[in-house]
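Beneath this line is the structure, given in structure tokens, with notes to follow.
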There are 2 protein chains.
Amino acid sequence: MNSLQLSHRLVPELTGKLRSRYRVLQRVYLHQPIGRRSLAHVLGTTERILRADVELFKEQGLIDVGPLGMSVTEAGEALIAELDPVIRALDGRHDTEHVLARALGIEHVTIVAGDSAEDEIVMRDIGHAAAHTLRSHLRLPCTVAVTGGSSMAMIADMMPRAAQPQAIEVLPARGGLGERVELLANTIASQLADKLGGTYRMFHVPESLSKATAERLSQEPSVSEMVQRIRGADIVIHGIGDALTMARRRRLDDATIELLRSRGAVAEAFGYYFDAQGCIVHVMNTVGLRLEDLSGIRAVIGVAGGAAKGAAIRAVALAYQIDALVTDEGAARAIIEQCQK
Amino acid sequence: MNSLQLSHRLVPELTGKLRSRYRVLQRVYLHQPIGRRSLAHVLGTTERILRADVELFKEQGLIDVGPLGMSVTEAGEALIAELDPVIRALDGRHDTEHVLARALGIEHVTIVAGDSAEDEIVMRDIGHAAAHTLRSHLRLPCTVAVTGGSSMAMIADMMPRAAQPQAIEVLPARGGLGERVELLANTIASQLADKLGGTYRMFHVPESLSKATAERLSQEPSVSEMVQRIRGADIVIHGIGDALTMARRRRLDDATIELLRSRGAVAEAFGYYFDAQGCIVHVMNTVGLRLEDLSGIRAVIGVAGGAAKGAAIRAVALAYQIDALVTDEGAARAIIEQCQK
DNA sequence: CCAACAGGGACTATTTGCGTCCCGCTATGT
DNA sequence: ACATAGCGGGACGCAAATAGTCCCTGTTGG
């Protein structure tokens, strides 16, 4: 029982204020630089009510105010980091993390507050937490394989920039997925490498190949070398998608979509589609990381948020061994509900 | 850095409330049963302002309200105990304790909030803390020697009653001191033994004997046996007095008082008078514990509070080895001031 | 050069907190 | 047995802190 929980008995209004102020400070951090007005809009409160908080933060030296808006100082950033586990324990996320860890057989689960489906900024927080998780798993020298997707893009965005070059190589886990360039694994690998002070390699392989073409392509020396590198990565960090959403985003043909639907596909991860029991129901014909490679990889990190992702997360956790999961309260609730059924 | 100190950055108004509420709850505990009106009077606030706190405590199940007033529940008592170190650290007493411990060469110093000279209830708190200290030093079976005085009486009063008999023998350290029966070492020994579930022995020896009579008395078998027991005690817990105050209370003759004054006596403990350097300037001719016996005793616990006792505490700390000191902020401040001179 | 958004100030409405006075109840002492 | 002192709790009204609203000025970026 820590001192805060004890104090809660004597000053119950404490926790509410602490949480709300933490939330405000964290939002400033995630949005910085940002003005009071937009912050108020984002947080769903009024501007006036934020002024009290902002003035407090300012005199505590937690934020700087500039012409572009507010941004948190180093001290503020440190406070956010130090207070994170406190808040986490305070609203029971710490307990939920353990429940989830046991239910899914994942060693380390991190749940950020909110639901990224309802509030897009929660995605940034997931990115922040996932960046932290990734960094904690790095052991130099190190090869990191990444997938595409919005969660992954956010990780690269929220990753703090390394002061010095580091012996890290970032690779895309598979050929291109998705259509928007900023969500491609190649793009994300380059951004992440940039932030980490490491190097990256691109991997240009078209999607939806015929099986024969894919195999021939794999035998090309340049491709084959990349595939070797990827399969020998130390860390894989990947998004977890909803099967049908991903299928549509990849413009799969109607027949395949119907196949997925009929086989009860709920989850997608690096080109594999899984049903609720974690069985593979479909595989994309692309080149790169295969499911069977995962067992040889030191750390497999999954990232996904939003209530709709609950089923998908649970499915992939059944399908293969995940070492660390970063998600949000929305997804966590959904998973726990599913497990109780 | 604990969670409360971290939270203080985001919710600074919190600590003030926590402290004041803790103070209120603690006062209820020390005065129980007590009504809102008298509590308000004691705390120097208004009744109305306490109502908010009291209602909170009630709904938190920390106090019971009865026709005789309020009293704290077991849960409340536990909370007070658990929160004590938190508050102690919060208002810097924890640091002061370490400063004092180093300055006086005492291993364990406990400082309770307030000044018992200004507020008599602080004496109860000292008693409470000293009772706790004493209990923490008990190793059964155990012999405890006690002196007289108001501090000591308060310890017996605040000592929680043991559920079962325990192998503890409580003895008066020396012959009777003081005039009021409730402050006599014999009385306190019996009360303390009662609370601890132990046994006690009385020791009736008149004060201010001639040296010859005292020596003859010591050779009486019954007296001699008691003296042996006392000198072999495991724990000595004693009050520390101001020299002149004690001299007057014991109705010493004017010549002796003048002697004490001329020799710069500032402190008194179990019949010995010390100057500011800790040198013995006078000894009462009574029978019982001698200064030289202290070195063979496992734990010597000193208890004294109030700004006026500062010099006395410092003097006895120089005179002999004290293992644990229980005092208040008033005395602590006085000691630190003295040391800086 | 101007539109947009930044922080900060001023005024008002609302809520909360607190002082004050009162009542009914129950132990306690005569 | 009764009077009384002390208990908790209710009610009302004022004052102060809090929050809503509107406005002003400076900076930035197209």
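Treat the numbers as computed from the prediction; the structure is a model and nothing was measured. Residue numbers start from 1 in every chain, and the chains themselves are labelled A, B, ... in the order their sequence lines are given, proteins ahead of strands. Values reported hereafter were calculated over all heavy atoms of this structure, with side chains retained and with hydrogens, waters and symmetry mates removed.
Counting only residues at least two apart or on different chains, the salt bridge (Lys or Arg N to Asp or Glu O under 4.0 Å) pairs with a member in residues 29-52 of chain A are A:R36-A:E47, A:R37-A:E47. For residues 53-64 of chain A, the set of pairs meeting the salt bridge (Lys or Arg N to Asp or Glu O under 4.0 Å) definition, not counting sequence neighbours, comprises A:R21-A:D53.
D:dC7 atom P lies 17 Å from atom CD of B:E55, rounded to whole Å. For the pair B:I63 CD1 and D:dG9 P, the computed distance is 9 Å after rounding to whole Å. Taking atom CG of residue B:D53 and atom C1' of nucleotide D:dG8, one finds them 16 Å apart after rounding to whole Å. Computed from coordinates, the A:E13 CD to C:dT16 P distance equals 13 Å when rounded to whole Å. Rounded to an integer number of Å, the gap from NE2 of A:H31 to C1' of C:dA6 is 16 Å. Look at CZ on B:R36: it is 13 Å from P on C:dG19, rounded to the nearest Å. Rounding to whole angstrom units, CG of residue A:D64 and C1' of C:dG7 are separated by 14 Å.
Taking both residues in full, the closest heavy atoms of B:V86 and A:S3 are given as CG2-CB, 3.7 Å, listed atom of the first, atom of the second, then distance.
With no hydrogens or angles considered, a side-chain donor-acceptor pair links A:Q26 and A:D125 at under 3.5 Å.
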Subject >> Protein-to-nucleotide contact annotation, 5' to 3' order, nucleotides 13-30 of chain D [B base; S sugar-phosphate only; - none; under 4.0 Å, heavy atom] >> reply: ------BBB-B---SS--
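Using a 4.0 Å heavy-atom distance criterion, A:L39 is classed as making no nucleic acid contact.
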**OP:** Show the numbers, then the answer: is there a side chain to side chain contact (heavy atoms under 4.5 Å, CB included) between B:D84 and B:Y22?
**Re:** CA-CA 9 Å; B:D84 178 69; B:Y22 182 80; 3.6 Å; yes
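Neither OP1 nor OP2 of D:dG8 sits under 4.0 Å from any side-chain N or O of B:K58. Note on B:S38: every side-chain N or O is 4.0 Å or more away from OP1 and OP2 of D:dA5.
Ion pair A:K309/A:D242 not flagged as a salt bridge, since none of the NZ, NE, NH1 or NH2 atoms sits closer than 4.0 Å to an Asp/Glu carboxylate oxygen.
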